[in-house]
Amino acid sequence: MNLPNKLTLLRVILIPFFLLFMYINVPFHYAIALIIFAAASITDALDGKIARSRNLVTNFGKFLDPLADKVLVIAALAVFVELPEIRVGAVPFIIITAREFMVSGLRLLAANSGIVVAAGIWGKLKTAFTMVAIIAILLWLSLCFDFGIDFSEAFRNVVDNVLIPILIWISTVLTVISGAVYLKGYWNLIDSDK
């Protein structure tokens, strides 16, 4: 197994540990989850770059890399939906998850036709912004609950009820745009007249 594939596999292995530290109540559990998520996000940036620059692109990597990204992001968003400490609604989670299923379905149809669906700029932007937003939310949780920083109630309300939802909704809008771009680009694969 080459280095990019090992990095992708590491990202998959990190997901259960991320979830574990989001749920168990041990000292600095949000900080540990943040470090794990950030490390997983860095492997996402590195694996493809290394694979392309060293001509190490494999079918395994083409399959597992986007899947690992999706599972990592969906896992974080699912946890955020049920956390009482912050306000992340189920609607963005459902929209983002639906888009991921749609794009995965398009990729399967394309592969069946011998077409490789490469990640476009909107998909990359969506992934990067969403991962940064998740890291920012994890940092906020860690500062408030692991380190006990006593922010004013007004500031906490702004972050919890305005900034975090804005980050999530920007991610959702980018997700919808990138999904629409994929759908438009590969509509011929699902055209009901064919």
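Just the heavy atoms: all of them, side chains too, but no hydrogens, waters or symmetry mates, feed the values below. Everything quoted here is computed from the prediction, not taken from an experiment.
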query = Hey, does R99 have a side-chain heavy atom less than 4.5 Å from the side chain of V176?
reply =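 Not in contact.
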request  = Please tell me if the side chains of D146 and L141 come closer than 4.5 Å, counting only heavy atoms from C-beta onward.
outcome  =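 SC-SC contact between D146 and L141 ruled out.
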Do the side chain of [X] and the main chain of [Y] share a donor and acceptor less than 3.5 angstrom apart?
X	Y	answer
T130	T127	no
Y23	F18	no
N161	N157	yes
S142	L138	no

ask   = Which heavy atom in I164 sits nearest to a heavy atom in R87, and how many Å separate them?
value =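 Distance-wise, the nearest heavy atoms are CG2-O, 4.2 Å.
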request  = For residues V81 and G89, report the shortest heavy-atom separation together with the two atoms involved.
outcome  =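 Nearest heavy atoms, V81 then G89: CG2-O, 3.6 Å.
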Exceeds 12 heavy-atom contacts within 6.0 angstrom, atom [atom1] of [X]:
X	atom1	result
F129	CZ	yes
W169	CH2	yes
F63	CZ	no

query = Atom CD1 of I177 and atom CG of L125: how far apart are they, to the nearest 0.5 Å?
reply =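 Reported value, rounded in 0.5 Å steps: 8.5 Å.
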inquiry  = Between D47 and K6 (salt bridge meaning N to carboxylate O under 4.0 Å), is one present in this structure?
reply    =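 No, no charged N to carboxylate O under 4.0 Å.
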ask   = Taking NZ, NE, NH1 and NH2 as the nitrogens, is one of them in E85 or R156 under 4.0 Å from a carboxylate oxygen of the other?
value =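 The answer is no: the pair does not qualify as a salt bridge.
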ask   = Residues in ring pair (Phe, Tyr, Trp, His ring centres under 6.0 Å) with W140, at least two apart?
value =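 Expected list: F151, F155.
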inquiry  = I want to know whether F28 and F21 have ring centres closer than 6.0 Å.
reply    =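 No - the distance between ring centres of F28 and F21 does not fall below the 6.0 Å cut-off.
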